[in-house]
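Small disclaimer: the values here were computed from a predicted structure and weren't measured. Numbered from 1 within each chain, the chains take letters A, B, ... in sequence-line order.
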Amino acid sequence: MLEVLTNAPLNTVQDLGRPESIPLGVACGGAMDRNAFALGNILVGNTPDAAGLEIVFFPFKIRFHHDCVFAITGAPTKVQLDGMPLPSCWSMKARAGQTLVMEAPKKGMRSYLTVAGGLDVPLVLGGRSTDIKGAFGGFEGRGLQKGDLLPCRADTSRPIPAHGLGLADLLPVPDKEGIELHILPAAEYEEFTEQSQACLVEQQWRITSQANRVGFRLEGDTALQTRKPLSLLSHGLLPGTIQVPPSGQPIIQMADANTCGGYPKIGIVVEPDLSLLSQMPPGGYVKFRIISHEQALVRLRTYHQHLRQLTQQVEATKAYIITR
Amino acid sequence: MRISYAGVDAFLLDMSEGVFRDDIQTRIWSLESLLKKKSEIQTIILGANNLLVTFDCEQHEASDIRQILHMTWEQAEAADIIPRELVIPVTYGGMEGEDLPFVAKVTGLSEKDVVALHTSSPYRVAMVGFSPGFGYLTGVPERLAIPRRDTPRINVEQKSVGLAGGFTAVTPSKGPSGWHMLGKAHCPPLFDATADIPCLLKAGDIVRFVSA
């Protein structure tokens, strides 16, 4: 059991979401930085679908009610376990009664706390993530409050070294100055003027204050325009889709996006770049770079291969500890 | 049929030819049921005269999926759905139907005529989407096919009956909406996350509104 010691309505239980329920009109949901979340589960020896916490509101404090292997990933926060500082992207065993304190990160927006076995919240519509709008899933369908007791599933992972275990190559956390997002051209890309197609990749796009789990609204010097006004019928919408409403200022759909929409789509941000974007603060800048589907596939496969290697390395390290 | 990428692992199939057409939609329902039997296809999201599919791009080549989609569309015929029929009583006008006077004004009808027209024809659920349990109903009489509000309302109560862009709908939950609200529906919840069948409406259903 984890006891929440601070009120934090925007800190939520998340997993990889419920993609199979999108046809019911239910948002996909799940961790915004799926990369950091995956690494957290790898470090504690979980399957990728185990539930953990997405933390965006700091300082955040919890108390462990039993011995528990946990990991912190995502935006690098100053973490202390009963006053003992821990490195970024680190996993270790907490003893019953110990308190974990996470301070606001200097860079990045979201940190993740995973526990061996995963959080034991009910599976709703194929996922354990919190759907705040629909008030279901996660812990009682809401953000966390002081006094909440979060149950954990049985820890079946291998033992962990006494001082813990971390990742050598730390997660990339983007600078406010800017990141480059790889995108695929979407259905209406060709409907935009040549000038708009050029602007899309040439100009810097500022992330406005309207950037949350539903979507990131961007702002650029030159608005994007289609050759002629388009009136589209509603269609399915996935996280990563870049919509262009009549204002010409793009909106990138994020994890909690509505499941359908009708604005023209100019592109699609592909993983792992969508994870990177989720760490960008309002006021930060992004640039777009168009790649082919083949290139996007190579990047995705390389990334998945990287996750598989990390999983093997973590398991091998833990196995080595046991034999000693 | 126009196919475009909707992600590294997703295609959008667009069959629309301008305005929404019921005959295209019934063929899309058939396509959906055929695709549900294909192990290569993961999630299918119905749209208005379009459909989005996802697939496992580590397991399958996009070109193979594209071919499956083309072939299946050729096989798809008007879906032979035996529709369920729901009758939903509506209290028109008043606080929860505050756009009734506006709709009357722009259509040049009396409020009574708007209600008579809205209750005159059976509607069909084209698809469920946007928010949990939200069913897009087609078959709106031409005179009531008016565009969305210029400015969306921030908070519309659940079970409000709205009208926009040639569709009508009952809102499953409280939230923002750009639709014109005609009244309040009296029906079971349109969405229940914990129920075996979470959505009251499903594509193909017939819905009739009656004045409460």
Side-chain angles (χ1 to χ4, degrees), chain A residues 18-28 122 124-127 131 133-137 141 182-190 231-241 257-262 265 267-271 274 291-301 303-305, chain B residues 2-10 12-16 18-21 24-25 32 42-54 57-58 61-63 126-136 147-148 165-167 172-175 190-194 197-199 201-203:
Chain A
R18 33 180 78 85
E20 63 269 44
S21 291
I22 296 177
L24 304 177
V26 172
C28 180
V124 181
L125 296 171
D131 189 313
K133 223 169 16 173
F136 61 84
H182 294 83
I183 64 169
L184 291 174
E188 287 81 38
Y189 175 80
E190 295 293 342
S231 164
L232 303 175
L233 294 170
S234 289
H235 52 76
L237 206 57
L238 296 174
T241 307
N258 289 326
T259 67
C260 71
K265 309 162 286 300
I268 306 133
V269 180
V270 293
E271 284 289 12
L274 199 58
I291 56 173
S292 68
H293 185 261
E294 290 72 26
Q295 289 169 313
L297 201 53
V298 169
R299 291 184 85 244
L300 194 67
R301 284 180 176 159
Y303 166 62
H304 285 162
Q305 179 61 22
Chain B
R2 297 175 294 280
I3 294 192
S4 58
Y5 283 110
V8 190
D9 58 352
L12 177 65
L13 287 63
D14 188 358
M15 293 76 157
S16 67
V19 294
F20 178 86
R21 271 177 38 189
I24 297 176
Q25 196 68 6
E32 183 203 21
Q42 290 178 327
T43 304
I44 308 170
I45 309 172
L46 274 176
N49 285 186
N50 60 62
L51 180 137
L52 188 150
V53 297
T54 69
C57 61
E58 301 262 342
E61 293 296 330
S63 54
M127 81 242 205
V128 172
F130 181 68
S131 69
F134 188 99
Y136 287 76
R148 292 164 156 267
F167 292 101
S173 52
K174 196 174 168 164
L190 285 109
F191 181 77
D192 177 358
T194 58
I197 300 168
C199 298
L201 302 178
K202 92 172 194 284

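Atom CG of A/L24 and atom CG of B/L201 lie 12.0 Å apart (nearest 0.5 Å). Rounding to the nearest 0.5 Å gives a distance of 13.5 Å between OG1 of B/T43 and CZ of A/R18. The structure places CG of B/D14 at 7.5 Å from CD of A/E188, a figure rounded to the nearest 0.5 Å.
The side-chain heavy atoms of A/T259 and B/F134, taken from C-beta on, include no pair separated by under 4.5 Å. Residues B/L12 and A/H235 form a side-chain contact, since some pair of their non-hydrogen atoms from C-beta on lies under 4.5 Å apart. Proximity of B/P198 to A/L125: side-chain heavy atoms (C-beta onward) are separated by under 4.5 Å at one or more points. Side chains of A/S234 and B/F130 form no contact here, defined as non-hydrogen atoms less than 4.5 Å apart.
By number of non-hydrogen pairs under 4.5 angstrom with chain B, the leading residue of A/A187, A/P239, A/A186 is A/A187. Comparing B/P172, B/A48, B/G175, B/A62 by heavy-atom pairs within less than 4.5 Å of chain A, the highest count is held by B/A48. Per-residue heavy-atom pair counts under 4.5 Å with chain A were compared for B/L51, B/T54, B/I44, and the maximum is reached by B/I44. Here A/L238 is the residue among A/V124, A/V270, A/L232, A/L238 with the most heavy-atom pairs under 4.5 Å with chain B.
Scanning all heavy atoms of the two residues, the minimum distance from B/I45 to A/G236 falls at CG2-CA, 3.8 Å. Considering all non-hydrogen atoms of both residues, B/G129 and A/C260 come closest at C-SG, 3.9 Å. Closest non-hydrogen pair, B/Y5 versus A/L184, comes out as CB-CD1, 4.4 Å. Annotation for B/S16 and A/L233: closest pair CB-CD1, 3.8 Å, computed over non-hydrogen atoms.
Counting only distance, with no hydrogens or angles, the side chain of A/H293 and the backbone of B/V8 share a donor-acceptor pair below 3.5 Å.
With a 4.5 Å cut-off on non-hydrogen atoms, A/K265 touches chain B through its side chain but not through its backbone. Of the atoms belonging to A/I183, not a single heavy atom falls under 4.5 Å from chain B. Residue contact with chain A, scored on non-hydrogen atoms closer than 4.5 Å, involves the backbone and the side chain of B/C57 alike.
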